[in-house]
Undergrad: 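Before I ask anything, here is the structure I am working with.
Here the structure is a predicted model, which means the values were calculated and not measured.
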Amino acid sequence: IPVGSEPWGVAYDPSNGYIYVADSGSNTVSVINGTTVIANITVGSEPVGVAYDPSNGYIYVTNYGSDTVSVINGTTVIANITVGAWPEGVAYDPSNGYIYVADWYSDTVLVINSVTNTIITTIPVGSEPWGVAYDPSNGYIYVADSGSNTVSVINGTTVIANITVGPNPVGVA
């Protein structure tokens, strides 16, 4: 399926059956229904991370080049949240309703309240955090810290462990 240039992150919205693809090179998010692109949504500069929030049906997109997170409802951007420098990965935690955003340049994870779409805290993590994932078996958030060769483990808003891994980790699942 042809989408915008330089596709990165992908998320699925089960409420409408759409797939959302961050097109970093074209500053858009392609919306796919089945095998057809039904919309190209203009977001911030260089979108890379995409996450779905089932509590409100919103899609959260990190815009690496504009230091923002775009909030999409269906095919419409409803908010742009200013975050720290070079946001990368993003994940939703259903246990608390928070969105976790890795800020690569500032070595932090920002926590966004998905009800108000505001930043509620900033968590220091390892160097150059990139990928973010939620583990439903224990409720933890895992962050790949590419610059420090670690994975930070977050419980709510507290780092509870730093796990040494191989060089330059960027993804986590």
Side-chain angles (χ1 to χ4, degrees), residues 8-15 20-22 24 29 43-73 78-173:
W8 279 64
V10 177
Y12 172 67
D13 180 345
S15 71
Y20 293 81
V21 180
S24 183
V29 171
V43 293
S45 175
E46 300 178 65
V48 292
V50 186
Y52 170 69
D53 178 348
S55 72
N56 56 22
Y58 297 161
I59 298 291
Y60 290 81
V61 179
T62 58
N63 300 305
Y64 181 85
S66 59
D67 303 335
T68 60
V69 172
S70 294
V71 184
I72 298 171
N73 185 5
I78 60 168
N80 284 295
I81 305 165
T82 300
V83 294
W86 302 347
E88 293 276 356
V90 58
Y92 171 72
D93 181 344
S95 70
N96 56 22
Y98 295 161
I99 303 294
Y100 292 81
V101 176
D103 268 339
W104 186 88
Y105 185 76
S106 55
D107 301 336
T108 60
V109 170
L110 299 176
V111 182
I112 297 172
N113 181 322
S114 66
V115 174
T116 61
N117 286 327
T118 57
I119 297 169
I120 59 170
T121 194
T122 301
I123 305 168
V125 293
S127 176
E128 300 171 2
W130 195 300
V132 182
Y134 170 73
D135 182 348
S137 70
N138 58 21
Y140 297 160
I141 295 289
Y142 292 83
V143 181
D145 304 316
S146 64
S148 59
N149 305 330
T150 59
V151 171
S152 296
V153 182
I154 299 171
N155 185 5
T157 59
T158 303
V159 174
I160 61 169
N162 288 295
I163 304 166
T164 300
V165 296
N168 298 79
V170 293
V172 61

Undergrad: Got a sec, which residues hit ring-ring contact (aromatic ring centres under 6.0 Å, His included) with W86, two or more places apart in sequence or on another chain?
TA: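 Counting only residues at least two positions away or on another chain, W86 forms a ring-ring contact (aromatic ring centres under 6.0 Å, His included) with Y64, W104, Y105.
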Undergrad: Within this structure, what is the OG-CD1 distance for the pair S95 and I141, rounded to the nearest 0.5 Å?
TA: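 So the OG of S95 and the CD1 of I141 are separated by 7.5 Å.
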Undergrad: Tell me, do T108 and V125 make a side-chain contact under 4.5 Å, heavy atoms counted?
TA: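 Heavy-atom side-chain distance check fails, nothing below 4.5 Å.
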Undergrad: If you take all heavy atoms of V29 and A22, which pair is closest and at what distance?
TA: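 Distance-wise, the nearest heavy atoms are CG2-CA, 4.4 Å.
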Undergrad: Any sub-3.5 Å donor-acceptor pair from T62's side-chain atoms to G49's backbone N or O?
TA: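 Between the backbone of G49 and the side chain of T62 there is a qualifying donor-acceptor contact (under 3.5 Å).
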Undergrad: Name all residues meeting the ring-ring contact (aromatic ring centres under 6.0 Å, His included) criterion together with Y134; count only those two or more places apart in sequence or in a different chain, and write none if there are none.
TA: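 Counting only residues at least two positions away or on another chain, Y134 forms no ring-ring contact (aromatic ring centres under 6.0 Å, His included).
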Undergrad: Take I81 and I112 through the side chain to side chain contact (heavy atoms under 4.5 Å, CB included) test and state the conclusion after the steps.
TA: CA-CA 9 Å; I81 305 165; I112 297 172; 4.0 Å; yes
Undergrad: Which pairs with one or both residues in residues 115-125 pass side chain to side chain donor-acceptor pair (under 3.5 Å), sequence neighbours excluded?
TA: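 Of all non-adjacent pairs touching residues 115-125, those that pass side chain to side chain donor-acceptor pair (under 3.5 Å) are Y60-N117, T116-T118.
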Undergrad: Report the C-alpha separation of I59 and V50 in whole Å, then their side-chain angles, then the decisive distance to 0.1 Å, and conclude whether the side chain to side chain contact (heavy atoms under 4.5 Å, CB included) test is met.
TA: CA-CA 7 Å; I59 298 291; V50 186; 3.6 Å; yes
Undergrad: What distance do D53 atom CG and N73 atom CG have between them, rounded to the nearest 0.5 Å?
TA: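 Going from the CG atom of D53 to the CG atom of N73 covers 11.0 Å.
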Undergrad: What closest approach, in Å, do N162 and D145 show between heavy atoms, and which atom pair accounts for it?
TA: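 Minimum heavy-atom separation between N162 and D145: OD1-OD2, 4.5 Å.
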Undergrad: Would you say Y100's side chain and G156's backbone share a donor-acceptor pair under 3.5 angstrom?
TA: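 Between the backbone of G156 and the side chain of Y100 there is a qualifying donor-acceptor contact (under 3.5 Å).
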Undergrad: Can you tell me how far apart CG (D107) and OG (S127) are? Round to the nearest 0.5 Å.
TA: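 OG of S127 is found 4.5 Å from CG of D107.
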Undergrad: Can you give me the closest heavy-atom contact between G126 and S152, atom names plus distance?
TA: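 Shortest heavy-atom separation between G126 and S152 comes out as N-OG, 3.5 Å.
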Undergrad: Nearest 0.5 Å please: distance from the CD1 atom of I123 over to the CD1 atom of I154.
TA: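 The distance works out to 4.0 Å.
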Undergrad: Can you name the nearest heavy-atom pair linking P129 to D103, along with the distance?
TA: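 Where P129 meets D103 most closely, the heavy atoms are CG-O, 3.4 Å.
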Undergrad: Judged by modelled atom types alone, do S70 and N63 share a side-chain donor-acceptor pair under 3.5 Å?
TA: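 Looking only at side-chain atoms, N63 and S70 do form a donor-acceptor pair, the distance falling under 3.5 Å.
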Undergrad: Roughly how far apart are T157 OG1 and I120 CD1, rounded to 0.5 Å?
TA: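 Nearest 0.5 Å value for the OG1-CD1 distance: 7.0 Å.
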Undergrad: Testing the basics here: between E128 and S146, what is the closest heavy-atom pair and its distance to 0.1 Å?
TA: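 Looks like O-OG, 2.8 Å.
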Undergrad: What heavy-atom pair brings V21 and V10 nearest, and what distance separates the two atoms?
TA: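 Looks like CG2-CG2, 4.2 Å.
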